[in-house]
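Counting convention: from 1, in listed order, for ligands and their atoms alike.
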Amino acid sequence: MAVYTDVSEPQLSAFLEAYDLGTLLSYKGIAEGVENSNFLLRTTGGTFILTLYEKRVARGDLPFFVGLMLHLASRGLSCPLPVEARDRETLRDLAGRPAAVFTFLEGMWTRRPGVPECRDVGAALAGMHAAASDFSGTRPNALSVDAWRPLAESCGADADRVEPGLSAEIAAELDAIEAAWPQHLPTGVIHADLFPDNVFFLGGQLSGLIDFYFACNDILAYDLAICLCAWCFEADGAFNVTKGRAMIEAYRRVRPLSEVEIVALPILARGAAMRFLLTRLYDWLNVPDGSFVTKKDPKEYLRKSRFHRTVRSAADYGIEMDCP
Ligand SMILES: Nc1ncnc2c1ncn2[C@@H]1O[C@H](COP(=O)(O)OP(=O)(O)OP(=O)(O)O)[C@@H](O)[C@H]1O
Ligand SMILES: N[C@@H](CCO)C(=O)O
């Protein structure tokens, strides 16, 4: 459950007076997600999503996110569209938070992605990278490799409450990642959080992408590494090479990967696992228990980080390597 900021009915009714969405019929907090406060909104004008942006979304970044979604939709990608108020604004304030209303995307996210879904996500990710290639907006990655050490230090020795020795293990892994992080790979606009709960399917077909609030300019192959982490592991912690191969090959059919990108995949995956280990660890240690948030387990990404450290080449992810 992620509702950090609650909204009273009078507050919401007053907020909606700026829009041509008819009158409020019902609204309720949405369980999924941990970053922002999302509400399912029903008015006489239809069904919508109301999002109140929380700590990891800077108000100044919102025009980038909204502009990106409009740009991707104009290139044929299925994603939520911001609803303009009568004054043509898409961002307003509600209950002390920046807020926006979006179109409701039909579909469901899959709790147990199989090989077909991994294939579809690989193609969709590459399609998003291609569609965003002429987007004029730019945004540095606030959770790039440079942000990981400060985030780890903000957790400090409290990390050892999650697992003994974890703070030292993180510090050593950060040393390795920082020393090997690639500097000259192709970059572009990435989603940076394309987890299963952000990809919708309808009737067996991928029907849309949501949650662009970590989108930024960074290494394109890093976005693929994030998806390998988020989609290709089984519940028992094992990496599924068949899912990895399906995802990577589908991605390459839309956007070919250079040899240097392929060679860099293991270190990019170690970085991806570290990024989500650290944000989950921080929330695990800092979000008060009992709040309306279902915190995500940092140890899931500790296990993934440990797996990626054993990977010797991208062949271990299912890539057919031209060169060993
Ligand atoms: N436009 C939309 N149409 C339909 N459902 C939506 C839409 N936007 C959000 N949702 C629903 O709200 C949930 C949470 O949305 P979202 O993932 O954007 O929140 P978040 O707090 O950023 O989560 P995350 O932890 O994934 O970053 C989604 O899993 C989905 O069920
Ligand atoms: N998708 C992320 C939450 C957003 O940072 C996770 O599952 O840790």
Hey, which atoms in ligand 1 end up nearer than 4.0 Å to a heavy atom of [X]?
X	value
E35	20 (P), 21 (O), 22 (O), 25 (O), 27 (O)
P80	1 (N)
D211	16 (P), 17 (O), 18 (O), 20 (P), 22 (O), 23 (O), 24 (P), 26 (O), 27 (O)
D197	26 (O), 29 (O)

Specify side chain, backbone, both or neither for [X], according to which of its non-hydrogen atoms lie closer than 4.0 Å to ligand 1.
X	answer
T103	backbone
D193	side chain
N36	both
F104	both
I210	side chain

Checking side-chain hydrogen bond (donor to acceptor under 3.5 Å, both in side chains) for the pair R306/T310: CA distance, chi angles, key distance, verdict?
CA-CA 7 Å; R306 287 171 176 168; T310 69; over 6 Å; no
Do NZ/NE/NH1/NH2 and the carboxylate oxygens of [X] and [Y] come within less than 4.0 Å?
X	Y	value
R56	D283	yes
R86	D20	yes
E249	R119	no
R255	E261	yes
D175	R149	yes
E300	R280	yes

For ligand 1, which is the ligand I care about here, please tell me if N198 has any N or O atom under 3.5 Å from one of the ligand's N or O atoms.
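It does: an N or O of N198 is found under 3.5 Å from an N or O of ligand 1.
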Between L105 and ligand 1, does any nitrogen or oxygen pair lie at a separation below 3.5 Å?
yes
Is a side-chain donor or acceptor of K28 paired with a backbone partner of L40 at a separation under 3.5 angstrom?
no
Donor-acceptor pair between S207 and E106 side chains, under 3.5 angstrom:
no
Option whose closest heavy atom lies nearest to atom 7 (C) of ligand 1, chosen from V57, I49, I30, L40
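Checking each option, the heavy atom nearest atom 7 (C) of ligand 1 is found in I49.
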What residue among F135, Y53, F102, Y213 forms ring-ring contact (aromatic ring centres under 6.0 Å, His included) with F65?
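Exactly one candidate clears the test, Y213.
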Once you measure the plane-to-plane angle for Y222 and W148, does it fall in the parallel (<30°), tilted (30-60°) or perpendicular (>60°) bin?
tilted
Applying ring pair (Phe, Tyr, Trp, His ring centres under 6.0 Å), run through F212 and H191 and close with a yes or a no.
CA-CA 6 Å; F212 290 83; H191 184 284; 4.9 Å; yes
Could a heavy atom of F195 be found less than 4.0 Å from some atom of ligand 1?
no
Atom-level proximity to ligand 2, residues with heavy atom under 4.0 Å
V34, E35, D193, F195, F214, R275, F276, R280, K296
